[in-house]
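Take a look at the structure below.
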There are 2 protein chains.
Amino acid sequence: MKRDSRLSSVLHALLHMAEHDQPMTSETLAQCMTTNPVVVRRTMGLLREAGIVASARGPSGGWTITADLETLTLRDLHNALGEPAVFAIGNRNETPDCLVEQAVNAALHDAFAQAEALLLDHFAQITLATLARDFARRHAARRQTTPHPQE
Amino acid sequence: MKRDSRLSSVLHALLHMAEHDQPMTSETLAQCMTTNPVVVRRTMGLLREAGIVASARGPSGGWTITADLETLTLRDLHNALGEPAVFAIGNRNETPDCLVEQAVNAALHDAFAQAEALLLDHFAQITLATLARDFARRHAARRQTTPHPQE
DNA sequence: CCGAATCGTAATAAATGAAGTTACATGAAA
DNA sequence: TTTCATGTAACTTCATTTATTACGATTCGG
């Protein structure tokens, strides 16, 4: 099953952007994430529509964060990406005539709905600021264990 | 995102089998589920390895349930199918060098792990017998609302 | 105004993975 | 021994995501 990694991707991009004062170009972000600039534009474009980032063209252009990291949550990003399907498991036929299949679908639907609600609630409680601090903590820990890294 | 519908499929098959006294052939099950007999064999073969069903070759052969429906749960079936990935959303890179990405992955991992645990716990509480009764209830309800269906 | 930098986006290709199909071997029953 | 049915390998089809190519539109510096 191929997984949608856009949420992971935009998080990665946003945290890098948060550390930069200047706008970052699609090209730079694409290198960070070992992907293609066009893919970056496409995905970041969705965040722009949601008012989370802004883009500027021309020299010294690129992407900047406009949202407040203290209030921006993973849930916001998930929504901005169009609330993609959370589960890789689903019903064979969503609107079956067969009563047996209807009973099966109903049971699975409940289970999936509960799990999705939990996941999205969890997402709503994680802000980008929290993640940025988590990264800072990891960064400090690494500097401690490897005193002279080549950065 | 293409969803794995094997759990839904085998549930459908098992409930039909539960209503039959005789073994059901892959051909018959395939017709029930509008799929191919080989797909049925492939999927049911996993359940056989888990001791949930048995198969017999030759005339009057086919598939029979060997497990106790009162104790067989959706979780058992999920396990028998090889515990396929539950989520359609994942990390871009599971073992990144980048500390930013590590922080992102860690946060997402927690959220997904909790939701998956909830889902699987839910699955563990739904037995096939429960589903069979649910089907019976729907069947009775339909007979009531449509007094003379052509079945 | 020119030219380089950069985003915007359409169109297309490649990659992935589930499901479906074909073909044939194996085994059981009458 | 014939027929029915599973077992399984190999291959094709189909849908979707991601990557790529190509080019147009915009912005800045000189």
Side-chain angles (χ1 to χ4, degrees), chain A residues 1-10 12-13 17 20 22-49 53-66 81-94, chain B residues 1-10 12-13 17 20 22-49 52-66 81-93:
Chain A
M1 173 68 49
K2 183 157 231 172
R3 293 172 140 185
D4 180 346
S5 61
R6 290 178 304 159
L7 181 58
S8 167
S9 292
V10 299
H12 190 172
M17 287 163 68
H20 262 253
Q22 276 114 35
M24 290 182 76
T25 66
S26 306
E27 181 67 38
T28 308
L29 288 172
Q31 279 170 9
C32 272
M33 307 156 69
T34 56
T35 180
N36 191 292
V38 177
V39 174
V40 171
R41 288 188 205 122
R42 220 155 36 203
T43 312
M44 295 297 280
L46 295 173
L47 301 198
R48 183 186 49 226
E49 286 172 20
V53 299
S55 60
R57 303 201 228 200
S60 81
W63 299 91
T64 45
I65 301 180
T66 53
L81 293 175
E83 307 191 45
V86 166
F87 294 106
I89 298 178
N91 294 325
R92 156 170 292 269
N93 177 353
E94 289 299 337
Chain B
M1 175 69 47
K2 184 155 231 170
R3 293 172 141 184
D4 180 347
S5 63
R6 290 178 305 160
L7 181 60
S8 167
S9 291
V10 299
H12 191 171
M17 287 164 67
H20 263 253
Q22 275 113 37
M24 290 183 76
T25 67
S26 306
E27 181 68 38
T28 307
L29 288 172
Q31 280 169 10
C32 273
M33 306 156 69
T34 56
T35 181
N36 191 289
V38 177
V39 174
V40 172
R41 287 187 206 124
R42 216 150 43 195
T43 313
M44 296 296 281
L46 295 172
L47 301 197
R48 182 186 50 226
E49 287 171 19
I52 295 169
V53 299
S55 59
R57 302 201 231 200
S60 81
W63 300 90
T64 46
I65 301 181
T66 54
L81 293 175
E83 307 190 46
V86 166
F87 295 106
I89 298 177
N91 295 325
R92 157 170 292 269
N93 177 353

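First the proteins, then the strands, lettered A, B, ... as listed; each starts at 1. Being a predicted model, the structure only gives us computed values, none of them experimental.
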Rounded to whole Å, the CG-C1' distance (B:Leu7 to C:dA18) equals 15 Å
How long is the line joining CD of A:Glu49 and P of C:dT9, in whole Å?
8 Å
If you define the side chain from C-beta out and look only at heavy atoms, does anything of A:Trp63 sit under 4.5 Å from A:Ser55?
yes
Examine C:dG20: is either OP1 or OP2 under 4.0 Å from a nitrogen or oxygen in the side chain of B:Thr35? Give yes or no.
yes
For the student: nearest non-hydrogen atoms of A:Ala88 and B:Ala85, plus distance:
CB-O, 3.6 Å
Every protein N/O lying under 3.5 Å from an N/O of nucleotides 25-28 of chain C:
from	atom 1	to	atom 2	distance (Å)
C:dT26	O2	B:Arg57	NH1	2.7
C:dG27	N2	B:Gly58	N	3.1

Nearest-neighbour nucleotide for the B:Asn36 side chain, D:dG7, C:dC7, C:dG20 considered
C:dG20
Quick one: A:Arg48 CZ to D:dT26 P, roughly how many Å, whole number?
13 Å
When the distance from CD1 of A:Ile89 to P of C:dA18 is rounded to whole Å, what number comes out?
11 Å
For A:Leu29 and C:dG8, what is the distance between atoms CG and P respectively, to the nearest whole Å?
12 Å
Donor-acceptor pair, A:Ser5 side chain versus B:Gly90 backbone, under 3.5 Å?
no
Atom CD of A:Glu83 with >12 non-hydrogen neighbours under 6.0 angstrom
yes
Side chain of B:Ser26 only, heavy atoms from C-beta on: which candidate in D:dT6, D:dT21, D:dG7 is closest?
D:dT6
Take the protein atom CG of A:Leu47 and the nucleotide atom C1' of C:dC7, then report the distance between them rounded to whole Å.
15 Å
Does a side-chain N or O of A:Ser60 approach OP1 or OP2 of D:dG29 to a distance below 4.0 Å, or not?
no
Categorize A:Gly62 for me: base, sugar-phosphate, or nothing, with a 4.0 angstrom heavy-atom threshold over every strand shown.
sugar-phosphate
Just so I know, are the side chains of A:Met17 and A:Val53 near enough to count as touching, which here means a heavy-atom distance under 4.5 Å?
yes
Nearest-Å distance for atom pair CG/C1', residues A:Leu46 and C:dC7:
15 Å
Check residues 39-47 of chain A and write down every donor-acceptor pair under 3.5 Å in which the side-chain atom is one partner and the other belongs to a residue at least two apart or another chain.
from	atom 1	to	atom 2	distance (Å)
A:Arg41	NE	A:Ser26	OG	3.4
A:Thr43	OG1	A:Val39	O	2.9

Does any N or O donor sit under 3.5 Å from an N or O acceptor when you compare the side chain of A:Arg42 with the base of D:dA19?
yes
To the nearest Å, how far apart are B:Asn91 CG and D:dT17 P?
18 Å
Does the side chain of B:Thr66 reach to within under 4.5 Å of the side chain of B:Arg48, using non-hydrogen atoms?
no
Out of C:dA19, D:dT18, D:dT8, whichever nucleotide has its closest atom nearest the side chain of B:Val39:
C:dA19
Are side-chain heavy atoms of A:Ile89 and B:Arg6 found at a separation under 4.5 Å?
no
Selected nucleotide, minimal atom distance to A:Arg41 side chain, candidates C:dT22, C:dT9, D:dT21:
C:dT9
NA contact type, B:Arg6, heavy-atom cut-off 4.0 Å: base, sugar-phosphate, or nothing?
sugar-phosphate
Identify which nucleotide among D:dT21, D:dG7, D:dA10 has an atom closest to any side-chain atom of A:Val38, counting heavy atoms from C-beta outward.
D:dT21
For D:dT18, does either OP1 or OP2 sit under 4.0 Å from a side-chain N or O belonging to A:Ser5?
yes
